[in-house]
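So that the names make sense, note that chain A is the first sequence line, chain B the second, and so on, each numbered from 1. As a basis for the values below, the full set of heavy atoms in this structure was taken, side chains included, without hydrogen atoms, waters or symmetry mates.
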Amino acid sequence: MSVRVRYAPSPTGLQHIGGVRTALFNYFYARAKGGQFILRIEDTDRERYNDESLQDLYDTLEWLGIDWDEGPGKGDYGPYVQSERFDLYQEYARKLLDDGKAYYCFCTAERLDAVREEQKKQKSKNQGYDRHCRDLDPAEALKRKEAGEPCVIRLKVPMEGKTTFHDEIMGDITRKNSDVSPDPVIVKTDGFPTYHLANVIDDHMMGITHIMRAQEWIPSGPLHVLLYQAFGWEAPRYCHLPLVMGKDGSKLSKRHGATSLRDFRLGGYLPEAIINYISLLGWSFDDSREFFSREDLEKLFTLEKLNKAPAVFDYRKLEWFNGHYIRQRDPESLKALLLPILQADGVVSDPVTDKEMAIFDGAFPLIRERLKLTTQVSEMIRFLFKEIESYTTADAVPKKMEASDVPGILDSCAALLDGFEARSDEENEKLFYDKAEELGIKMGQILQPLRVAVTGTNISPPLFESIRLLGAEKSEARIRALSEQIAKETL
RNA sequence: GUCUCCAUCGUCUAGGGGUUAGGACACCGGGUUUUCAUCCCGGCAACGGGGGUUCGAUUCCCCCUGGAGAUGCCA
């Protein structure tokens, strides 16, 4: 039988690392096995649902290059949006009711709160619903419901015995039925199913063969198996993925830093870096390989190499991958990524002028090696397009020298700018080297103030190329300006 | 509290009854270099504890400890 897996997010927030990891693994597994990857929208929580989250889901999958074989608007098992399957859930809930495997519950939120409160106070071993309505006469309950009394439907979880399910990573997991959540709600007051019901019905109806989801779902595994049994269906295979944690060891969340894919996208990360890094969170290939393209993973992904232990998300390693993939990009595609950033930051105009484009083209090879995030481009080459707003003069003072030494160096260098562009880099280098010797200082000591003058900072792309791109005339003006400023300050 | 799961360098991980316990990030040195970065070389650094089983356990079993997750009319 062909593998059918799904990613079933609920559009109640932005797509985050954990969800995307689940999506990716399901997708890779489907591809590696020649099966189907299904996208299903679980929008049964009408209160938290919002359109932007749904749009964000589509944007994210598109950005990552993940397409689905079946999903909204595509495939034969639809609809793939749970809110459009409302009647189906009603039908199956009724079936459970008729079979005496579920019951109406009229308990109010207030009563439930009170029960919980009391259990907490008494440190009772039994937590959760007290099964108050479990033994209501079904005919009587139906009458109350039809009279309009608000109610939910709860599953009758067996009070004895135990339930086992097999997990591809963890092995068999067994739980006493008395430890399973006592009679969870399967249909809410508003008539919508809860996750448990909708999920089980859909996975069965859509012919899902493997459920790959995060380990936080392990506790509801037995519950779901009980539901399959109640319907007389065979449960799919389970595969619970290790959780993604933050630095402090708790489940990754906003307080650990960026977690939404939108943050990463806007923050200058490349999809190939994200995919590569995320795929190594709880999965490995062998003892040394670390670079994987999406295409590689579509071939190589296996359940066997999945890990059990949770993984801490390391922003620094992601950044390292990102730098690697920036350098890996072909020049034209990288430029196409960088230009809009420069425009958005007001470094170049929109549309870009020919002159700006020429400078950008010249600067490109210099910054390519230096970028870790695409968004760093503006800061890195702003000095080529905009005047320097202010100098931090201390940056211009080389080690073991005084600020008062600097204007002299700058002035004698300014003189060398004459004819700079006509000379080769080697010739210029020799010229500055000789000047340094003449002044009795090191090359570095001469170049540092110069660098600050021309680029505005002592960390910059290579100086001579920068001068060439900026133009010798402008460079000289900046050198003289800084010289004057320091001279004034050291008076 | 209860239930369940997990446990190799700081982090991601490989490995598995006998290994100098391997790789990567980070960090620290060194080289290339006009700064930074890239690149190259080198270094630091781990089997949580206690019992078994065994000729031999980091590896298998048990206990402890630690961590996490779940305990919702959220998924």
Heavy-atom contacts, protein to nucleotides 65-75 of chain B, under 4.0 Å, summarised as B (base), S (sugar-phosphate only) or - (none) per nt, yield ---SSS-SBBB
Over how many whole Å does the gap from Leu223(A) atom CG to rC3(B) atom C1' extend? 14 Å
Round to the nearest Å and state the distance from Trp283(A) atom CH2 to rU13(B) atom C1'. 12 Å
Identify, between Asp172(A) and Leu371(A), the residue whose nearest nucleotide on RNA chain B lies closer to the 5' end. Asp172(A)
Ranking Lys372(A) and Ile173(A) by the position along RNA chain B of their nearest nucleotide, the one closer to 5' is Ile173(A)
Compute both the distance and the angle, then confirm whether Lys335(A) meets the cation-pi test with Phe364(A): under 6.0 Å from the six-membered ring centre, within 45 degrees of the axis. yes
Give me the ring orientation class for [X] and [Y]: parallel if the planes are under 30° apart, tilted from 30 to 60°, perpendicular past 60°.
X: Tyr269(A); Y: Phe264(A); answer: perpendicular
X: Tyr129(A); Y: Tyr103(A); answer: parallel
X: Trp283(A); Y: Phe292(A); answer: perpendicular

So with a 6.0 Å cut-off around NE2 of His132(A), is the heavy-atom count from everything else above 12? no
Is it the case that over 12 heavy atoms from other parts of the model lie below 6.0 angstrom from the CD atom of Glu379(A)? no
Ignoring the backbone of Lys305(A), work out which of rC39(B), rG10(B), rA14(B) is nearest its side chain. rA14(B)
Against the side chain of Lys308(A), the closest entry in rC6(B), rA26(B), rC39(B) is rC6(B)
Between protein and nucleotides 20-24 of chain B, what N or O pairs are separated by less than 3.5 Å?
unit_1, atom_1, unit_2, atom_2, d
rG22(B), N2, Asp287(A), O, 3.0
rA24(B), O4', Glu290(A), OE1, 3.2
rA24(B), O2', Glu290(A), OE1, 2.7
rA24(B), O2', Lys317(A), NZ, 3.2
rA24(B), N3, Lys317(A), NZ, 3.0

Separation of the C1' atoms in rG10(B) and rG69(B), to the nearest angstrom: 24 Å
Quick one: list whatever passes side-chain hydrogen bond (donor to acceptor under 3.5 Å, both in side chains) with Arg370(A), sequence neighbours left out. none
Check whether the side chains of Asp202(A) and Gln82(A) place a donor and an acceptor atom closer than 3.5 Å, and report yes or no. yes
